[in-house]
Amino acid sequence: MQDQKTYLMLFKAKRDDFVKTMTAEEKALMEEHAAHCRGLAARDRIVLMGVCPDGAYGVMVFRADSDEEARRFFDEDPAVKAGVVHPELHPFVTVFPFQHQE
């Protein structure tokens, strides 16, 4: 198996108040998006994933075997295909891992 590469996905909602004003159809698409992401998690590919509470961005750092695999996962996302989010995909390099210490 080849070394995996790391990627950053940014999802920008199609409108600033998206989180507060999602239609039933948009909510269903976001559920499909979440299921799509769970598929990547089930393959142990997600490094981190989260969303800004104000809805500004969704962020995912994940691993893929190739640029093509990363693009395919990205292009097959239901929210991307439906135009509910404006996506960006970038190669990503971890400079150093951060461990919270109490």
Side-chain angles (χ1 to χ4, degrees):
M1 183 169 142
Q2 61 186 340
D3 291 333
Q4 292 180 330
K5 297 178 181 182
T6 304
Y7 299 85
L8 169 69
M9 269 196 220
L10 291 173
F11 296 96
K12 176 77 174 156
K14 65 181 184 179
R15 59 183 182 277
D16 290 339
D17 62 351
F18 180 76
V19 172
K20 295 178 184 176
T21 64
M22 272 192 273
T23 66
E25 180 183 358
E26 290 168 335
K27 286 179 184 179
L29 282 166
M30 293 310 291
E31 284 298 320
E32 290 178 34
H33 161 72
H36 185 71
C37 293
R38 284 192 296 273
L40 192 59
R43 297 188 345 244
D44 197 30
R45 299 295 184 95
I46 293 180
V47 175
L48 69 87
M49 184 174 168
V51 64
C52 299
D54 64 1
Y57 286 98
V59 176
M60 180 193 301
V61 176
F62 71 102
R63 293 182 299 272
D65 291 331
S66 66
D67 294 346
E68 293 77 20
E69 181 184 49
R71 175 57 59 187
R72 186 173 48 254
F73 182 83
F74 184 78
D75 288 342
E76 292 173 356
D77 187 297
V80 172
K81 287 170 49 172
V84 172
V85 295
H86 302 291
E88 292 182 28
L89 178 64
H90 303 277
F92 188 80
V93 176
T94 302
V95 177
F96 65 90
F98 178 78
Q99 297 289 324
H100 179 73
Q101 297 180 356
E102 295 183 29

*Asks:* Looking only at non-hydrogen atoms, find the nearest pair between A79 and M30 and report the distance.
*Replies:*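 The answer is CB-SD, 4.0 Å.
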*Asks:* Take a 6.0 Å sphere around CG of D67 and say whether it holds more than 12 heavy atoms from other residues, nucleotides or ligands.
*Replies:* yes
*Asks:* Kindly give the heavy-atom pair with the smallest separation between G83 and K14, and that separation in Å.
*Replies:*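 Taking every non-hydrogen atom into account, O-CD, 3.7 Å.
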*Asks:* List the atom pairs, with distances to 0.1 Å, where a side-chain N or O of residues 46-63 and a protein N or O form a donor-acceptor pair under 3.5 Å, not counting sequence neighbours.
*Replies:*
| unit_1 | atom_1 | unit_2 | atom_2 | d |
| --- | --- | --- | --- | --- |
| D54 | OD1 | A56 | N | 2.9 |
| R63 | NE | Q4 | OE1 | 3.3 |
| R63 | NH2 | D44 | O | 2.7 |

*Asks:* Working to the nearest 0.5 angstrom, can you tell me the gap between R45 CZ and D65 CG?
*Replies:* 4.5 Å
*Asks:* Tell me whether E32 is salt-bridged to K81, with the criterion being a basic N under 4.0 Å from an acidic carboxylate O.
*Replies:* no
*Asks:* Could you state whether F18 and M9 fall into the same hydrophobic cluster, counting links through intermediate Ile, Leu, Val, Met, Phe, Trp or Tyr residues with side-chain heavy atoms under 4.5 angstrom apart?
*Replies:*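 Yes, F18 connects to M9 through the hydrophobic network.
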*Asks:* Look at the side-chain heavy atoms of Ile, Leu, Val, Met, Phe, Trp and Tyr, link any pair under 4.5 Å apart, and say whether V19 and V85 land in one connected group.
*Replies:*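 No: no chain of side-chain contacts under 4.5 Å links V19 to V85.
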*Asks:* Mind checking what makes side-chain hydrogen bond (donor to acceptor under 3.5 Å, both in side chains) contact with E88, not counting sequence neighbours?
*Replies:* H90
*Asks:* Do you know the tightest heavy-atom contact between F73 and C37?
*Replies:*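 Between these two residues, the closest heavy atoms are CZ-CA, 4.1 Å.
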*Asks:* Run the side chain to side chain contact (heavy atoms under 4.5 Å, CB included) test on V80 and F11 for me, step by step, so that the C-alpha distance in whole Å, both residues' side-chain angles and the decisive distance to 0.1 Å come before the verdict.
*Replies:* CA-CA 9 Å; V80 172; F11 296 96; 3.6 Å; yes
*Asks:* Of all heavy-atom pairs between Y7 and P91, which one has the smallest distance, and what is that distance?
*Replies:*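 Smallest interatomic distance, heavy atoms only, reads CD2-CA, 4.0 Å.
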*Asks:* Among the clusters formed by ILVMFWY side chains lying less than 4.5 Å apart, do F92 and L89 turn up in the same one?
*Replies:* no
*Asks:* Partners of D17 by side-chain hydrogen bond (donor to acceptor under 3.5 Å, both in side chains), sequence neighbours excluded?
*Replies:*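 side-chain hydrogen bond (donor to acceptor under 3.5 Å, both in side chains) list for D17, sorted by chain: T21.
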